[in-house]
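Below: the structure, in structure tokens.
Letters go in sequence order (proteins before strands), and every chain restarts at 1. All values reported here derive from a predicted model rather than from experimental measurement.
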Protein chains: 2
Amino acid sequence: MGGRGFTPRLDFTSTRPIYLQIVDEVRRAIARGELRPGDRLPSQRDLAVQARVNPNTVQRAYREMELLNMTETVRGEGTFVAQNPVLIRSLRAEMAQEALQQFLQEMRALGFDGSEIRALVDQALTGDGGGGASRG
Amino acid sequence: MGGRGFTPRLDFTSTRPIYLQIVDEVRRAIARGELRPGDRLPSQRDLAVQARVNPNTVQRAYREMELLNMTETVRGEGTFVAQNPVLIRSLRAEMAQEALQQFLQEMRALGFDGSEIRALVDQALTGDGGGGASRG
DNA sequence: TCTGGTGTACTAGTATCATAGTGCACTCGA
DNA sequence: TCGAGTGCACTATGATACTAGTACACCAGA
């Protein structure tokens, strides 16, 4: 063991291509600190088996991440998370802002104003047991 | 300006199929109350011209909405928003919950807890001049 | 009846996504 | 040297999305 490494959760019913979902999951793992610079990703073949997808799909995802400077690959050795401390550091905040803006845009498209949005978020976080507020 | 009717905003760079984006936009318009039961949608040809897409793509979107009971079509007359007051009434809340849950899921995947999420939402709504919420 | 607008159906082609399978170059360790 | 594991390249197939173009059926109004 110790070889668990990383396994993306994929949604095969989504309209988003699988190879992009893999990229997204790796990006989240990096943002979360779960994958750190220098860490080795599973081999293309291994990940293909774990995620139940074709090796070619994983290959495409890895190629994409290489182009995005998320990873660095060494032929014959493997694929590693890029050494980009600054980039990594801002990644989490950037992705959060992205999610936030998308959420706000959708809510406003539905005609909700700021106070309503705030109330709904608050309600969801309270009722959902969010924020570590263990509520009796 | 009675002929303006309805024009969806489409993102041609998205991985989401255009015909589904059209469906989404109509659903939002209904949820917002902008399109009400009985209202007539633009003809397939007109919408195709307005949205700069192929008539067949619009046709597919309209077929999809028909299957989802969002609309009712009369051959030779046009396509109309379905007469489903109950369905319509809950639509807005449902879509809001959907957006909210998706947002929270993404934020938690990034490792944010409830209080952090709340703070970010609050900050965005305040700094953004959001919702006409005069703070105080 | 004719005309124009409507929804609908059909064929065809292109591009993308995912799968399937094969082969090759490289690195490492025995 | 050899073998195992790695990334990488290539061809082929099928499904889906989108485009392109055409044709037909229905309805309303002149």
Side-chain angles (χ1 to χ4, degrees), chain A residues 1-6 8-26 35 38-82, chain B residues 2-6 8-26 38-82:
Chain A
M1 359 260 192
R4 192 191 58 86
F6 170 78
R9 274 176 288 167
L10 303 178
D11 176 12
F12 295 100
T13 69
S14 169
T15 58
R16 189 158 181 80
I18 293 177
Y19 81 97
L20 286 182
Q21 291 186 45
I22 295 175
V23 174
D24 289 341
E25 285 290 287
V26 173
L35 283 177
D39 278 1
R40 186 175 169 282
L41 291 177
S43 78
Q44 296 179 357
R45 290 172 179 79
D46 279 355
L47 185 54
V49 171
Q50 289 175 32
R52 310 260 191 171
V53 298
N54 193 278
N56 262 331
T57 303
V58 178
Q59 182 176 335
R60 185 163 197 175
Y62 277 34
R63 194 192 314 153
E64 189 74 15
M65 292 191 289
E66 184 82 14
L67 288 175
L68 294 173
N69 291 321
M70 289 171 55
T71 57
E72 293 164 355
T73 56
V74 183
R75 202 187 186 91
E77 291 192 25
T79 301
F80 304 85
V81 177
Chain B
R4 193 188 56 84
F6 170 78
R9 274 175 289 167
L10 304 177
D11 176 11
F12 294 100
T13 69
S14 170
T15 58
R16 189 159 183 80
I18 292 178
Y19 80 98
L20 286 181
Q21 291 186 46
I22 294 175
V23 174
D24 289 341
E25 285 291 287
V26 173
D39 279 1
R40 186 176 170 283
L41 291 177
S43 77
Q44 297 179 356
R45 290 172 180 78
D46 279 356
L47 186 53
V49 172
Q50 289 174 33
R52 310 262 191 170
V53 297
N54 194 277
N56 261 331
T57 302
V58 178
Q59 182 176 335
R60 186 161 197 175
Y62 277 34
R63 195 191 314 153
E64 188 73 16
M65 292 190 289
E66 184 84 14
L67 289 174
L68 293 173
N69 292 321
M70 289 171 55
T71 58
E72 292 164 357
T73 57
V74 183
R75 201 188 187 89
E77 291 192 24
T79 302
F80 305 86
V81 177

The single option from A:I18, A:L41, A:L47 passing side chain to side chain contact (heavy atoms under 4.5 Å, CB included) against A:V58: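 Running side chain to side chain contact (heavy atoms under 4.5 Å, CB included) over A:I18, A:L41, A:L47 with A:V58 returns exactly one hit, A:L47.
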
Can you measure [X] atom [atom1] to [N] atom [atom2] for me and round it to whole angstrom units?
| X | N | atom1 | atom2 | value |
| --- | --- | --- | --- | --- |
| A:Q59 | C:dG21 | CD | P | 16 Å |
| B:F12 | D:dA17 | CZ | P | 17 Å |
| A:D11 | C:dC17 | CG | P | 16 Å |
| A:E77 | D:dC8 | CD | P | 12 Å |
| A:E64 | D:dG7 | CD | C1' | 17 Å |
| A:R60 | C:dA18 | CZ | C1' | 9 Å |
| A:Y62 | C:dA18 | OH | P | 16 Å |
| B:E66 | C:dA9 | CD | P | 10 Å |

With the side chain of [X] defined as its heavy atoms from C-beta on, choose the nearest nucleotide among [options].
| X | options | answer |
| --- | --- | --- |
| B:R40 | D:dA25, C:dT6, D:dA17 | C:dT6 |
| A:N56 | D:dG7, D:dT19, D:dA9 | D:dA9 |
| B:I18 | D:dA9, D:dA17, D:dT19 | D:dT19 |

Spacing of A:E25 atom CD and A:L35 atom CG [to the nearest 0.5 Å]: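 Taking CD in A:E25 and CG in A:L35, the distance rounds to 10.5 Å.
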
Separation between CD1 of A:I22 and CD of A:Q59, rounded to the nearest 0.5 Å: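 Reported value, rounded in 0.5 Å steps: 11.5 Å.
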
Closest non-hydrogen atom pair, A:Q44 against A:Y62: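 Closest approach of A:Q44 to A:Y62: CG-CD2, 3.7 Å.
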
Closest heavy-atom pair and its distance - B:S14, B:Q21: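 Answer, listing the atom of B:S14 first, then B:Q21: CB-NE2, 3.7 Å.
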
Toward the 5' end of DNA chain C, by each residue's nearest nucleotide, B:T15 or B:G76: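 With B:G76 and B:T15 compared, the 5'-side residue is B:G76.
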
Short side-chain N/O contact from [X] to OP1 or OP2 of [N], under 4.0 Å:
| X | N | value |
| --- | --- | --- |
| A:T79 | D:dT6 | no |
| B:Q44 | C:dT8 | yes |
| A:T57 | C:dC17 | no |
| A:Y19 | C:dC17 | yes |

First encountered from the 5' end of DNA chain D, between B:R45 and A:L41: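 That would be A:L41.
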
Side-chain-base donor-acceptor pair under 3.5 Å for A:N54 and C:dC17: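 Per atom types, no contact qualifies.
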
Sugar-phosphate only, base, or nothing, as touched by B:R63 at under 4.0 Å among non-hydrogen atoms: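 No contact.
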
